[in-house]
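Below, chain A is the first sequence line, B the second, and so on; all start at residue 1.
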Protein chains: 2
Amino acid sequence: MQSFTEENYLKAIYHLTEQPDQYVQTNAIAERLQTKAASVTDMMKKLADKGLIDYVRYTGAKLTETGYQTAVGIVRKHRLWEVFLVETLNFKWDEVHDVAEELEHINSVLLIERLDEFLGFPRTDPHGDPIPDKHGKFEKRSFIKLSKLTAGSSGTVTGVSEHSTPFLKHLEKLGLTLGARIEVSEVSEFDGSVELVLNNKNINISRDVAKHILINT
Amino acid sequence: MQSFTEENYLKAIYHLTEQPDQYVQTNAIAERLQTKAASVTDMMKKLADKGLIDYVRYTGAKLTETGYQTAVGIVRKHRLWEVFLVETLNFKWDEVHDVAEELEHINSVLLIERLDEFLGFPRTDPHGDPIPDKHGKFEKRSFIKLSKLTAGSSGTVTGVSEHSTPFLKHLEKLGLTLGARIEVSEVSEFDGSVELVLNNKNINISRDVAKHILINT
DNA sequence: AGAATTTTTTAGATTTACCTAAAAAATTTA
DNA sequence: TAAATTTTTTAGGTAAATCTAAAAAATTCT
Ligand SMILES: [Mn+2]
Ligand SMILES: [Mn+2]
Ligand SMILES: [Mn+2]
Ligand SMILES: [Mn+2]
């Protein structure tokens, strides 16, 4: 059993890991958790002592198998709660993240299994992210960032890599929600902003927005 | 905003208050929260500083209006979550208390209002306790402890004053669940155990059990 | 390579929620 | 009402999670 704080560190390392054998840097964790590098170093020692991470001084931290399973378990809870909030309690997709950040720390195997069952074993959350099953297994989605598409290519919005309320509200207003079909008509050479066709209408989005939209081609 | 710990102290004071103007004793709080009197004294000063309790040295603590509203809000959340667990996720009444102890600290007004709505604005929880509405208002049930009934009197089980799993499982086995009609046939002068008729069958329960069963006559 | 910069760690404090032991106040008993 | 007992508080300390400032290591630049 670990504290909320420890769980949040494990989850941060999980999300910051991009390649299988990567060591996540102290500063990256500090930034993600809005804390100081010194605090991260302290916690890294503690998590290493507990066997949850492999920590190498001046190099960084990597989840052990136990640490990975713990982190995935929290992500599973986070995403199931998000589905519950949207599907059952009629929350909008931009309203769920912060509450799920709290709910993900509730400890009850029975609760999560029953919730999963009640929701019909959903495979993705309201932001298109895959939901690990009770064994921590899930399929990796294949996608390309909208900012990487070139003029002429088209696809479907399958996810977002940013969960903040303002960002999601913005997409909602544009009609860029999950499942939306888009076609890129032009990419500005000047600022990387993207012009695209959505429901027969032309819309223009900044490169910053495009970077966080995941497309299935 | 207060910490889980502070919330648990407020709730303890709330539950220990029997008459309107009563000051709850330090030791009573310590016992309820399984902590030491010295720790309670520390927290009393803190809660008093925050204006949540009226604290008088060597006398005890009483909730202020703000403290009362906070406590009732937590009780409301606890009981709504218990209904959710039983009604929606098919938990048994003896399985919900501990999880609700965690869920009651989740902070989201929208979540609780939507949950209340989803559940159809229930008035009582799975143990027969009344659920405060969003303004903290609720009707006090009238009941008498089964241990106070005399031979010949009858009534309906409307609640329990003990929420532990073993106790509730015991009642379940006996068939003494909410709504059960009972008639007292005999009260032992020796040990206070109670013999009663339930569904045309005679059952015998100890005084300790009878004390925690609430009857509507 | 050596200097400058960035990243990380260490040292030493702070805050919160606990604790034990001893002192003080209140209550009960004789 | 004085003594004994119970209740509560105070004093002083610990562990977890944080912080700032300074030292140390690693990386990047010239
Ligand atoms: Mn989220
Ligand atoms: Mn999500
Ligand atoms: Mn309960
Ligand atoms: Mn209950």
Please report, rounded to the nearest Å, how far the C1' atom of dT10(C) is from the OH atom of Y58(A). 8 Å
Report the residue (R57(A) or T5(A)) whose heavy-atom-nearest nucleotide on DNA chain D is the more 5′ of the two. T5(A)
Between the protein and nucleotides 19-21 of chain C, list the N/O to N/O atom pairs that are separated by less than 3.5 angstrom.
{"unit_1": "dC19(C)", "atom_1": "OP2", "unit_2": "T35(B)", "atom_2": "OG1", "d": "2.7"}
{"unit_1": "dC19(C)", "atom_1": "OP2", "unit_2": "K36(B)", "atom_2": "N", "d": "3.2"}
{"unit_1": "dC19(C)", "atom_1": "OP2", "unit_2": "S39(B)", "atom_2": "OG", "d": "2.5"}
{"unit_1": "dT20(C)", "atom_1": "OP2", "unit_2": "K36(B)", "atom_2": "NZ", "d": "3.4"}

Without decimals, in angstroms, what is the distance between Q2(A) CD and dA15(D) P? 21 Å
Strictly below 4.0 Å: does K45(A) bring a side-chain N or O up to OP1 or OP2 of dT10(C)? yes
CD of E31(A): more than 12 outside heavy atoms within 6.0 angstrom? no
Indicate yes or no for a side-chain donor-acceptor contact from T64(B) to the backbone of G51(B) under 3.5 Å, with no hydrogens or angles considered. yes
Strictly below 4.0 Å: does Y9(B) bring a side-chain N or O up to OP1 or OP2 of dC18(C)? yes
Which residues in residues 19-27 of chain B have a heavy atom closer than 4.0 Å to any atom of DNA chain C? none
Between P of dC18(C) and CD1 of I29(B), the distance in whole Å: 13 Å
Heavy atoms under 4.0 Å, any strand shown: does F4(B) hit a base, just sugar-phosphate, or nothing? nothing
So, the side chain of Q22(B) versus the backbone of E18(B): is there a donor-acceptor pair under 3.5 Å, distance only? yes
Whole angstrom value for the distance that separates P of dC19(D) from CG of L33(A): 10 Å
Just list the side-chain donor-acceptor pairs under 3.5 Å for residues 73-81 of chain B, sequence neighbours left out, or say none.
{"unit_1": "R76(B)", "atom_1": "NH1", "unit_2": "D116(B)", "atom_2": "OD2", "d": "3.2"}
{"unit_1": "R76(B)", "atom_1": "NH1", "unit_2": "P132(B)", "atom_2": "O", "d": "3.0"}
{"unit_1": "R76(B)", "atom_1": "NH2", "unit_2": "D116(B)", "atom_2": "OD2", "d": "3.3"}
{"unit_1": "K77(B)", "atom_1": "NZ", "unit_2": "E104(B)", "atom_2": "O", "d": "3.1"}
{"unit_1": "K77(B)", "atom_1": "NZ", "unit_2": "I106(B)", "atom_2": "O", "d": "2.9"}
{"unit_1": "H78(B)", "atom_1": "ND1", "unit_2": "E104(B)", "atom_2": "OE1", "d": "2.8"}
{"unit_1": "H78(B)", "atom_1": "NE2", "unit_2": "E82(B)", "atom_2": "OE2", "d": "2.8"}
{"unit_1": "H78(B)", "atom_1": "NE2", "unit_2": "H97(B)", "atom_2": "ND1", "d": "3.3"}
{"unit_1": "R79(B)", "atom_1": "NH1", "unit_2": "P130(B)", "atom_2": "O", "d": "2.7"}
{"unit_1": "W81(B)", "atom_1": "NE1", "unit_2": "L103(B)", "atom_2": "O", "d": "3.4"}

